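What you see is a predicted model; the values in this text were computed from it and never measured. Residue numbers start from 1 in every chain, and the chains themselves are labelled A, B, ... in the order their sequence lines are given, proteins ahead of strands.
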Amino acid sequence: MLENLNKEQKLAVTTTEGPLLVIAGAGSGKTKVLTTRIAYILEKKLANPSEILAITFTNKAAKEMKGRVQKLVPFGIHEMQISTFHSFGLKIIKENYAELGFEKNLTILDASDSKTLIKKILSDLNYDTNMYNPNTIKNRISSCKNELIDAKGFERFIASAMDEVVHKVFLSYEKKLKTNNSLDFDDLLILPIKLFENKKILERYQKMFKYILIDEYQDTNEAQYILIKKLSANNPNVCVVGDESQSIYAFRGSNYKNILNFEKDFKNAIQIVLEQNYRSTQNILTIANNVIKNNKQRKEKNLWTDQIDGDEVVLNQVQDEKTEADYIAKKIKELKNEGEDLNEVGILYRTNAQARPLQEAMLENHIAYKVVGSYQFYGRKEIKDLLAYLKLLYNQNDDVSFMRVINEPKRGIGNKTIETLSIQAEEKNCSLYNAISEGKTLAFKETIEGLKQISEDITLTELVDEILDKTGMRSELKKENSAMADIRLENLEEFKSITTSFEENYGIISLGEFLDEISLLVDVVEEGEDVPKVSLMTIHAAKGLEFDYVFLPGVEEGFMPHCNSFACEDDIEEERRLCYVAITRARKQLWLLYTKSRMVFGRTQYSIPSRFIKEMELEGEQIETVDHKVDLNFSKNIDKTLEYKIGEKVKSDKFGEGIIVDVGEKILTVAFKGKIQKFIKGHKSLKKL
DNA sequence: TATATCGTTGTTTTT
DNA sequence: CAACGATATA
């Protein structure tokens, strides 16, 4: 088990007793250490599987860790608690809902649900949403919650008129969540802490875990930090792994100082530094080190490797975002022709908005790609509607879901009715659903009650069918008889394949379990399709991942560092860490790109090369400039005379019949059963029907 | 109450 | 540029 580890890694695995801080530089074998450590503890019979708690930040990381631990131990790992902070929190809340004053069937609001609720509160309180931006208020509230400041406690921080509004909305928001019997993401962290004020309960959880392991410790925020602190108060066996140079979630309240302070917080802590990088070539590491050394606040460490220098890092100035994307596509084609695996190619950008021209270039050049971490399917209206029905069936107090579906499909229930109902709910201090007493809304209530009854005797997939029938969603879409409606219907059918696969994996799964899983899930699990694909994602989403070949478009002032960070040196340092994370994703080769001008907000702006480029201390010959448009010569298959309209039916050789949902200058967006696909206009692989 | 059209306004990053 | 909200009209 210990054979393939270096000296420091071995020490990190075998130092099982007492607090341990592992400073693990990028690519230094952090996950390997964590998983081996778990296996080692079990092998030495220091704990039962159920006495191990391993916490990660993302579902992806949790899944990865589970998989790797499973490979190391001879028995099933289901008893082990390997999960994200949020799902661990949810589990605790669910086990103690009554203690917290909730009812059993809790539902979780996602970010857009929270925003909807805040908007509604603002309008109920007669505030102008133009003056008080719901997003800003949502972020303010979220920050407070993550710093463990509750609505009442916020009072003493009020310093402006805006703060007054935030305070009022905050109070109302918390009250609404409670009456709705629902939680937002932040609650998943802070409610367990609240629960732990009860000594008995806290003790129960403290006794549960003998060994606690935390990944990406530099990303813990105050709430997560306190949660761990409480849980481990009587247990010294806490192992945290992290790298303050990779702390990139300050906007979410994460505090890299937690890692710098670990030795103060946990008495007699041992520190191990992993500095040998097994991932990248010397050339890549050098520029990463050069950039990060400009940050003042950090533990001194220097990544080194015994790898060869490797290919030079390429820095390239291009005309604009289109040329940039074309250049990347051209390089990827070359890699492909050389026989490289497209799964080993990553394009990492600072903002999601940058993805578009890149996707277009991939399409134009027939390069298979996936956008990682985009909600394409779950974000679709019909899917959100269906989910809202499911949530409402599970929890009738969920006003957000109620509002979403009360008039979907159209039932003649408009603003007036809702307003009256809202007033009644306010008076009775109950949810909208429970305030129903008359009229068209009563018929709706009866439908829901009917569905609730039958839901007890049927499977989840059958329930979805019943919902589609009884609520009229299906008949409404059939009646509409448009191509768009057909696609919506097909997407709803596709949703059933998701519930089916859940049922196959988990056996019979209850509505509640399903909703819990899906609420914390970001991506649709990729179905089969073993075609190698280039990954497009934000730098944030790329953390913890690695690729042989990495492209970094938009290394410009305003993007990297992002313009919102200009005013504050701490924010610039975070952007620098982000740059560092991006660079260190690459194993073999890295391309850095910046434009002369870029379209931002629909306007062309001149670009300035990022200050980080200078900090990289690249050498002259590494810099090449592409001034001309990259010639891609793909036009022979294109019929430029074809015209398209939204709603038209088309047929693709690969995906079957679809419907055009968007027409761009060069790109068509087509919705197929269960997926959205983009095409070049006039390409022969897509025929009009 | 439903739908169409126009104008306005804001974009970092995510569990 | 697009998404969303306000306003007008059926």
When you compare the side chain of A:Y349 with that of A:L536, does any pair of heavy atoms fall below 4.5 Å?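 They are in contact (side-chain heavy atoms under 4.5 Å apart), so the answer is yes.
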Does the side chain of A:F57 reach to within under 4.5 Å of the side chain of A:T84, using non-hydrogen atoms?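 They are not in contact (no side-chain heavy atoms under 4.5 Å apart), so the answer is no.
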Distance check needed: [N] [atom2] versus [X] [atom1], whole Å only.
{"X": "A:H86", "N": "B:dT14", "atom1": "NE2", "atom2": "P", "value": "14 Å"}
{"X": "A:D186", "N": "B:dT15", "atom1": "CG", "atom2": "C1'", "value": "9 Å"}
{"X": "A:E222", "N": "B:dT15", "atom1": "CD", "atom2": "C1'", "value": "18 Å"}
{"X": "A:Y132", "N": "B:dG10", "atom1": "OH", "atom2": "C1'", "value": "18 Å"}
{"X": "A:R411", "N": "B:dA2", "atom1": "CZ", "atom2": "C1'", "value": "15 Å"}
{"X": "A:I406", "N": "B:dA2", "atom1": "CD1", "atom2": "C1'", "value": "16 Å"}
{"X": "A:M599", "N": "C:dA2", "atom1": "CE", "atom2": "C1'", "value": "13 Å"}
{"X": "A:Q354", "N": "B:dT13", "atom1": "CD", "atom2": "P", "value": "9 Å"}

Upstream residue (5' side of DNA chain B) when A:T136 and A:F185 are each assigned their closest nucleotide: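 The residue closer to the strand's 5' end, by nearest nucleotide, is A:T136.
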For A:I248 and for A:N407, locate the closest nucleotide of DNA chain B by heavy-atom distance; then report the residue assigned to the nucleotide nearer the 5' terminus.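 Looking at DNA chain B, the more 5' nearest nucleotide goes with A:N407.
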Between A:R356 and C:dA2, is there a side-chain N or O to OP1/OP2 distance below 4.0 Å?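 Result: yes.
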Are OP1 or OP2 of B:dT14 and a side-chain N or O of A:T538 less than 4.0 angstrom apart?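 A:T538 to B:dT14 OP1/OP2: side-chain N or O found under 4.0 Å.
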Taking only the side-chain heavy atoms of A:K410 (C-beta and beyond), determine which of B:dT13, C:dG5, B:dA2 contains the nearest atom.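 Minimum distance to the A:K410 side chain belongs to B:dA2.
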From the options A:T584, A:D219, A:T58, select the one residue that forms a side chain to side chain donor-acceptor pair (under 3.5 Å) with A:K543.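 Between A:K543 and the candidates, side chain to side chain donor-acceptor pair (under 3.5 Å) is satisfied uniquely by A:D219.
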Would you classify [X] as touching base, sugar-phosphate or nothing, given that sugar-phosphate means primed atoms plus P, OP1 and OP2, and contacts are heavy atoms under 4.0 Å?
{"X": "A:K543", "value": "nothing"}
{"X": "A:F57", "value": "sugar-phosphate"}
{"X": "A:T417", "value": "sugar-phosphate"}
{"X": "A:Y249", "value": "sugar-phosphate"}
{"X": "A:N352", "value": "sugar-phosphate"}
{"X": "A:D110", "value": "nothing"}

Looking only at side-chain N and O atoms, does A:T351 offer a donor or acceptor that is under 3.5 Å from a partner on A:Q354?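 Side chains of A:Q354 and A:T351: pair found under 3.5 Å.
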Test item: A:E321 side-chain N/O and A:M599 main-chain N/O as donor-acceptor pair under 3.5 Å: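 A pair under 3.5 Å: yes.
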Determine the interatomic distance between C1' on B:dT13 and the same-named atom on C:dC4; round to the nearest Å.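 Their C1' atoms lie roughly 23 Å apart.
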